[in-house]
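Please read the structure below before turning to the comments.
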Amino acid sequence: MSIAPDGHLVFRGPEAMSTEAAEAFAREHARWILNHRERARGGNVLPEMSADELRGLANRLIPVLTDRLRYYAGRMGVTYRRVTIRNQKTRWGSCSSAGNLNFNVRLAQVDPDLLDYVVVHELAHRREMNHSPAFWDIVESVLPDYRERRERLSRYVLP
């Protein structure tokens with residue numbers, strides 16, 4: 001298996017290999033394929049990490065996240081309850097209707113302005129629990145360049 005420069009998968013196998021066996025092999029190596037495709041496209045693939053390494057990331061993230069939450073919550077006039085840091089596979093952050101905020105530990109590995117985008121995004125949910133135009137107006141009032149930040153954040157691939 002290899003990834004072509006345009007990002008498509010190239011698979012070469014023995015002539016006797018069935019299509020089903022090739023597909024099964026590709027499914028078993030899906031993470032490798034996704035990571036290498038994203039690299040070929042210029043994306044940022046975050047590395048796999050041990051539990052100890054993730055704890056270290058969380059310890060680095062806590063003071064920065066605490067500072068950014070205080071700053072932006074004050075600026076936006078919102079409050080929040082509990083803050084949790086997790087190793088999530090698909091989300092950078094979330095906000096519950098009770099006001100609890102969850103953040104991905106991998107935010108410690110992205111540019112600080114992208115962390116700010118996620119913080120503002122989740123705090124905006126304290127006023128609008130949806131992604132309506134009113135929600136995006138709130139985000140834009142704080143971060144006029146949020147679209148560019150959101151696009152840059154989308155280039156990261158969570159392990």
Side-chain angles (χ1 to χ4, degrees), residues 3-9 26-27 29-159:
I3 304 295
D6 67 358
H8 80 269
L9 177 65
R27 276 192 301 277
H29 295 86
R31 170 58 47 197
W32 182 93
I33 293 168
L34 290 173
N35 286 346
H36 285 80
R37 283 183 74 186
E38 206 48 45
R39 271 196 199 109
R41 292 182 187 154
N44 301 308
V45 179
L46 297 174
E48 296 283 343
M49 299 181 98
S50 70
D52 285 343
E53 290 170 318
L54 290 168
R55 271 190 292 281
L57 270 187
N59 290 336
R60 283 190 8 229
L61 181 59
I62 289 168
V64 176
L65 182 60
T66 301
D67 177 64
R68 304 319 288 157
L69 280 166
R70 282 191 191 126
Y71 172 76
Y72 283 113
R75 188 167 164 201
M76 297 169 72
V78 297
T79 61
Y80 55 90
R81 296 183 70 192
R82 189 179 69 234
V83 175
T84 306
I85 297 173
R86 296 187 172 133
N87 183 29
Q88 298 167 298
K89 299 292 182 192
T90 60
R91 293 183 177 207
W92 290 106
S94 62
C95 175
S96 75
S97 58
N100 297 322
L101 304 176
N102 297 303
F103 292 96
N104 194 317
V105 67
R106 298 309 187 115
L107 286 167
Q109 296 177 292
V110 303
D111 294 334
D113 66 322
L114 301 182
L115 169 64
D116 284 354
Y117 164 72
V118 175
V119 167
V120 169
H121 181 113
E122 299 313 329
L123 290 173
H125 282 307
R126 296 296 295 130
R127 297 186 49 212
E128 290 285 334
M129 283 299 294
N130 54 53
H131 290 114
S132 66
F135 167 85
W136 292 111
D137 287 346
I138 293 165
V139 174
E140 188 170 32
S141 72
V142 180
L143 298 174
D145 66 340
Y146 84 89
R147 288 177 186 88
E148 183 268 334
R149 294 182 196 214
R150 184 175 65 181
E151 193 278 323
R152 282 181 32 231
L153 186 62
S154 75
R155 292 184 213 152
Y156 283 87
V157 179
L158 293 167

Is any side-chain heavy atom of Leu115 closer than 4.5 Å to one of Val64? yes
Derivation of the side-chain contact (heavy atoms from CB on, under 4.5 Å) call for Val110 and Tyr156: CA-CA 8 Å; Val110 303; Tyr156 283 87; 3.8 Å; yes
Checking the side chain of Asn104 only, and the main-chain atoms of Gln88 only, is there a donor and an acceptor separated by less than 3.5 Å? yes
Just how far is it from atom OH of Tyr80 to atom OG of Ser96, taken to the nearest 0.5 Å? 13.5 Å
At their closest point, which heavy atom of Arg60 faces which heavy atom of Ala108, and how far apart are they? NH2-O, 3.3 Å
Heavy-atom closest pair, residues Ala124 and Ile138: CB-CG2, 3.8 Å
So how far is it from Leu114 CG to Glu151 CD, rounded to the nearest 0.5 Å? 10.0 Å
Taking the inter-plane angle between the rings of Phe135 and His125 on a 0 to 90° scale, is it parallel (under 30°), tilted (30 to 60°) or perpendicular (over 60°)? parallel
Is there a side-chain contact (heavy atoms from CB on, under 4.5 Å) between Arg86 and Val105? Walk through the geometry before answering. CA-CA 5 Å; Arg86 296 187 172 133; Val105 67; over 6 Å; no
Does the side chain of Met76 reach to within under 4.5 Å of the side chain of Val120, using non-hydrogen atoms? yes
Working to the nearest 0.5 Å, report the span between CZ of Phe103 and CG of Leu61. 9.0 Å
Got Met49 and Gln109 here, is their nearest side-chain heavy-atom distance under 4.5 Å? yes
Determine whether Leu101 and Thr84 make a side-chain contact, defined as any pair of heavy atoms from C-beta on separated by less than 4.5 Å. no
Parallel under 30°, tilted from 30 to 60°, perpendicular over 60°: which one fits the rings of His121 and Trp136? perpendicular
Side chains of Ser132 and Asn130: do they bring a donor and an acceptor to under 3.5 Å? yes
Hey, what do you get for CG (Asp52) to CG (Leu57), rounding to the nearest 0.5 Å? 11.5 Å
Counterpart residues, side-chain hydrogen bond (donor to acceptor under 3.5 Å, both in side chains), relative to Arg150 (two or more places apart): none
What are the two closest non-hydrogen atoms of Glu122 and Cys95, and how far apart are they? OE1-N, 3.3 Å
Can you pull out every salt bridge (charged side-chain N to carboxylate O under 4.0 Å, His left out) where at least one residue sits in residues 91-117? Sequence neighbours excluded, please. Arg68-Asp116, Asp111-Arg152, Asp113-Arg152
Interatomic distance, CG@Leu123 vs OH@Tyr72, rounded to 0.5 Å, equals 10.0 Å
Rounded to the nearest 0.5 Å, how far does CD1 of Ile85 lie from CZ of Arg55? 13.5 Å
Tell me, do Tyr117 and Glu148 make a side-chain contact under 4.5 Å, heavy atoms counted? no
